[in-house]
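Remarks on the structure that follows.
Each chain gets a letter, A, B and so on, in the order its sequence line appears, and its residues count up from 1. Given the structure is predicted, the values throughout are model-derived calculations rather than measurements.
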2 protein chains.
Amino acid sequence: MQSHVNLPVMGEPTDVEVCDQWCATLRAVHVTSAALEHALEAEHGLGLSEFQVLLVLAGVEPGRAKMRLKDLEAKMYLSQSALSRTVARLHDAGLLTRAACELDRRALFVELSESGRKRYEDALPTHMRVLREQVAAV
Amino acid sequence: MQSHVNLPVMGEPTDVEVCDQWCATLRAVHVTSAALEHALEAEHGLGLSEFQVLLVLAGVEPGRAKMRLKDLEAKMYLSQSALSRTVARLHDAGLLTRAACELDRRALFVELSESGRKRYEDALPTHMRVLREQVAAV
DNA sequence: GAAAACTACATGCCCTTGCATTGGATGTCA
DNA sequence: TGACATCCAATGCAAGGGCATGTAGTTTTC
C-alpha cells in the first residue's frame, strides 16, 4: 500500500514525483506550442520554429546582425537539417538574407531582412499575448 | 539602455523574462525528449509517445484496467489521430489489446497485454534514469 | 604538399504528427 | 419513427523533423 500523503518534501523527489512533473511539463509545452503555432500561423503566417529563428536573429545586437548558421543552431532546439530547412523557408519568404562567409567559405551568414524584422515585430505581441494566456491557464 | 540587474523579482515578470523562460523550457523539453526517445528506442524499441501510452495504461488500477480511447486522449498530449495511430502501432506490436465497447459501440477499449506490461516495466527504469540525468543536467 | 580527418551546410528518405474528412453509432427533437 | 446534430475512431494528405549521406571547404598530420 502506497502513501497518498502529499507532504511538501523539499529533499529528493521520488520517482513518481519526477515522472508526474515531467508528464505535466510535456503536456503543458505541447498545449502552449500548439496555441502559439496556431496564433502565429493565423495572424502572421509563421510557424513556431520560424518565429523562434526570427526571435534569435532579432536578439543579436545591431551592427553585429549577421549570425553563422552553426551559432544559430546552438541557440535553438532544432537539428542541423531542420534548421537548414527552416532558414530556407524564411529565405524563400524574403524574411532573411543568406550570405557566404568570406573567411570560412563553408559557413553561412544569416541576417534578418527589413521585412523580416517587421514581421517579427508584428508577431511578437501575438507571441507574448498567447504565452501569457497559457501561463495564466496553468 | 536596458538593465542587466537580475533581482529576484517576485511580482509580475516582464515580457523578456516570460519569453526567456519559455525559450529555455522549450529547449530543455526538446533535449530531454530526444534523450528519452533515443534511450527507449535503443533499449526497448519504444518511441516516447508509445511509452507514454503504456505509462498511462499501466497507471489505471487493476480490475478497471480497460480504458476508452477518448479518456486516454484526455490524459495525453497527442491529437486524436496521432493517438489512434500510436495505439495501432502498439497493438501491432502486441503490447495492448483493443476491444469494442458493448454499451457504446463507437468507443474503443484499450488494455495493456501481458507483454505490454512487461515491456513497460522493463522500460520504466530506463525512463527514470534518463529523466534524472536530464533533470540533473539543468 | 598530399592525404586524411574534420567541419558546415544541403538534401534524400522515412517517420510522426495534425487537420480535414469519412463512416459508423448515439442522442435529440418533433 | 424519421431527420438532424453530435460523438468516436480511422484514414488521406501534407507539413515538419531527424538520421544518414553528399558536397564543398578547412585543418591536421606526416
>> Can you confirm whether more than 12 heavy atoms, excluding those of A:Arg129, are under 6.0 Å from its CZ atom?
In response: yes
> Closer than 4.0 Å, any side-chain N/O of A:Arg105 to the OP1 or OP2 of D:dT27?
Replying inline: no
> Salt bridge or not for B:Asp71 and B:Lys75, using N-O below 4.0 Å?
Replying inline: no
> In terms of side-chain heavy atoms of A:Ala107, which of D:dC8, C:dA8, C:dA25 is nearest?
Replying inline: C:dA8
> Could you state the CZ-C1' distance from B:Arg27 to D:dG17, rounded to the nearest angstrom?
Replying inline: 17 Å
> Tell me: NZ of B:Lys70 to C1' of C:dA25, nearest whole Å?
Replying inline: 14 Å
> Within the structure, does a side-chain N or O atom of B:Thr86 lie under 4.0 Å from either OP1 or OP2 of C:dT17?
Replying inline: yes
> D:dG18 P sits how many Å from B:Glu37 CD, rounded?
Replying inline: 10 Å
> What is the nucleic acid contact for B:Arg85, judged by heavy atoms within less than 4.0 Å: base, sugar-phosphate only, or nothing?
Replying inline: base
>> For the backbone of B:His44 and the side chain of B:Arg119, can you confirm whether one donor and one acceptor N or O come within less than 3.5 Å of each other?
In response: yes
>> Once rounded to the nearest 0.5 Å, what's the spacing between atom CG of A:Leu40 and atom CD of A:Gln52?
In response: 9.0 Å
> Is a donor-acceptor contact shorter than 3.5 angstrom present between the side chain of B:Arg106 and the base of D:dC7?
Replying inline: yes
> Under the 3.5 angstrom rule, does the side chain of A:Arg27 hit a backbone N or O of B:Met76 as a donor-acceptor pair?
Replying inline: yes
> How would you label the contact of B:His38 with the nucleic acid (heavy atoms, under 4.0 Å): base, sugar-phosphate, or nothing?
Replying inline: sugar-phosphate
> Roughly how many Å is it from CG in B:Leu26 to P in D:dG17, rounded to a whole number?
Replying inline: 11 Å
>> Quick check on DNA chain C: between A:His30 and B:Glu102, whose nearest nucleotide comes earlier from the 5' end?
In response: A:His30
>> Should the side chain of A:Gln80 and the base of C:dA8 be counted as holding a donor-acceptor pair, with the cut-off at 3.5 Å?
In response: no
> Would one find more than 12 heavy atoms of other residues, nucleotides or ligands at under 6.0 Å from atom CZ of A:Arg105?
Replying inline: no
> A:Leu96 has an atom CG; how far is it from atom C1' of C:dC9, in whole Å?
Replying inline: 15 Å
>> Go nucleotide by nucleotide along DNA chain D from the 5' end; which of B:Asp104 and A:Leu78 gets its closest nucleotide reached first?
In response: B:Asp104
> Roughly, in whole Å, what's the span from CD in A:Glu41 to C1' in C:dC19?
Replying inline: 12 Å
>> For C:dA10 and A:Arg98 - does any side-chain N or O of the residue sit under 4.0 Å from the phosphate oxygens OP1/OP2?
In response: yes
>> Can you identify which nucleotide, out of C:dA20, D:dC8, D:dG17, has its nearest atom closest to the A:Ala82 side chain?
In response: D:dG17
> Whole-Å distance between C:dT16 C1' and B:Gln52 CD?
Replying inline: 15 Å
> Using a cut-off of 4.0 Å on non-hydrogen atoms, how would the nucleic acid contact of A:Leu103 be classed: base, sugar-phosphate, or nothing?
Replying inline: sugar-phosphate
>> I need the CZ-C1' distance between A:Arg68 and D:dT26, as an integer number of Å.
In response: 12 Å
>> Can you identify which nucleotide, out of C:dA8, C:dA10, C:dG18, has its nearest atom closest to the A:Leu108 side chain?
In response: C:dA10
>> Can you tell me if A:Ser81 touches the phosphate of D:dG17, counting only side-chain N or O atoms and a distance under 4.0 Å to OP1 or OP2?
In response: no
